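Have a look at the structure below, then the notes.
Quick caveat, the model's predicted, so the values are computed rather than measured. Numbers here are sequence positions counted from 1.
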Amino acid sequence: MSSSSSSTQVAANVEAEYAKSGKSSCKKCSEPIEKKALRLGTKDARGYTKWHHLGCFSFGSEPVASVDKIKGFQSLKSSDQEGLKDEFEKSKEEDSNGKKSSQNQKVREADHEAEDENVGERKLKKSKGSPPTDVEAEYAKSSKSSCKKCSKPIEKKALRLGTKDARGYTKWHHLGCFSFGSEPVASVGKIKGFQTLESSDQEALKNLVDEFEKSKEEDSNGKKSSEKRKVREVDEDEDEDEDENEVGERKLKKAKV
């Protein structure tokens, strides 16, 4: 009972009538509504009716179960009743299509977001496979900077290499003073500013990186050689201990005899 009453009350918020004068204006298009023209309206919070032309009224903002529940519908001419029914059905169809379109739009947006995430993951994997370098190469803009290793000034227009510290300041070095051991560099081509250098300086930088890689390899081989030598020394010590034990056992047997 309460549900039926509630539905009737909600529907009664929409009203249909013929304009009593030509003084009212449509709340959508702001054009005047002619006297005796069919108009539809809803009451606002203050109790004032907001009138609309039949074609300007939106049923989407007002829940209406059927047109015959609209206040004043039964007093309309049959032709206007039919016109109102047509507008109501058209509005319902547009509202349904709008919802479908909105759902399709949301699905497309979700697909785009998923694709963006996949692209982001691929980029992240790619960047992980080839980590960017923090090393920067450039020609000194002035003679005010000094090398962080040897503390000597770096001449203007001289090639310098640098890395940024935690505060964002660049620590500059002479080419020969820079150590690649503290900064992983996949290739010199990934050093910031490398492409802007003169070909001779590019070669010098390449040679420096190659020398570092070579020394790293030599250090690695040296460590392996050192480890092997230690293993051999341990084996030799164990052999000497075994020989001493055998000599000791033979002497002990002779003493017993």
Please output the side-chain donor-acceptor pairs of residues 47-56 that fall under 3.5 Å, not counting sequence neighbours, one pair per line with the distance.
residue : atom : partner : partner atom : Å
Thr49   : OG1  : Lys43   : NZ           : 3.4
His52   : ND1  : Lys50   : O            : 3.2
His53   : NE2  : Pro32   : O            : 3.2

Minimum heavy-atom separation for Ala16 to Leu38, with atom names?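 The pair with the smallest heavy-atom distance is CB-CD1, 4.4 Å.
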
For Ala37 versus Ile33, what's the shortest heavy-atom pair and its separation?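 The answer is CB-CG2, 4.2 Å.
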
Once side chain to side chain contact (heavy atoms under 4.5 Å, CB included) is applied, do any residues pair with Lys36, and if so which ones, sequence neighbours excluded?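 Expected list: none.
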
If you measure from [atom1] on [X] to [atom2] on [Y], what distance do you get to the nearest 0.5 Å?
| X | Y | atom1 | atom2 | value |
| --- | --- | --- | --- | --- |
| Ser24 | Lys35 | OG | NZ | 12.0 Å |
| Leu205 | Ser200 | CG | OG | 11.5 Å |
| Gln202 | Thr196 | CD | OG1 | 8.0 Å |
| Ser66 | Lys85 | OG | NZ | 9.0 Å |
| Leu208 | Lys206 | CG | NZ | 13.5 Å |
| Cys147 | Ile154 | SG | CD1 | 5.5 Å |

Grouping I, L, V, M, F, W and Y whenever their side-chain heavy atoms are under 4.5 Å apart, do Ile70 and Phe57 come out in a common cluster?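 In one cluster with Ile70: Phe57, yes.
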
Transitive ILVMFWY side-chain link Val135 to Tyr139, under 4.5 Å: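 Yes, same cluster.
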
Sequence-distant partners of Lys141, salt bridge (Lys or Arg N to Asp or Glu O under 4.0 Å), two or more places apart: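 Checked Lys141 against salt bridge (Lys or Arg N to Asp or Glu O under 4.0 Å); matches are Glu138.
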
Applying side chain to side chain contact (heavy atoms under 4.5 Å, CB included) to Asp80 and Lys77, what does each step give before you reach the verdict? CA-CA 5 Å; Asp80 288 327; Lys77 297 174 185 177; 4.0 Å; yes

Contact check, side chains of Ser146 and Lys152, non-hydrogen atoms, under 4.5 Å: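 A side-chain contact under 4.5 Å is absent here.
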
Full working for side chain to side chain contact (heavy atoms under 4.5 Å, CB included) between Gln81 and Gln74: CA-CA 8 Å; Gln81 286 182 347; Gln74 302 301 335; 4.2 Å; yes

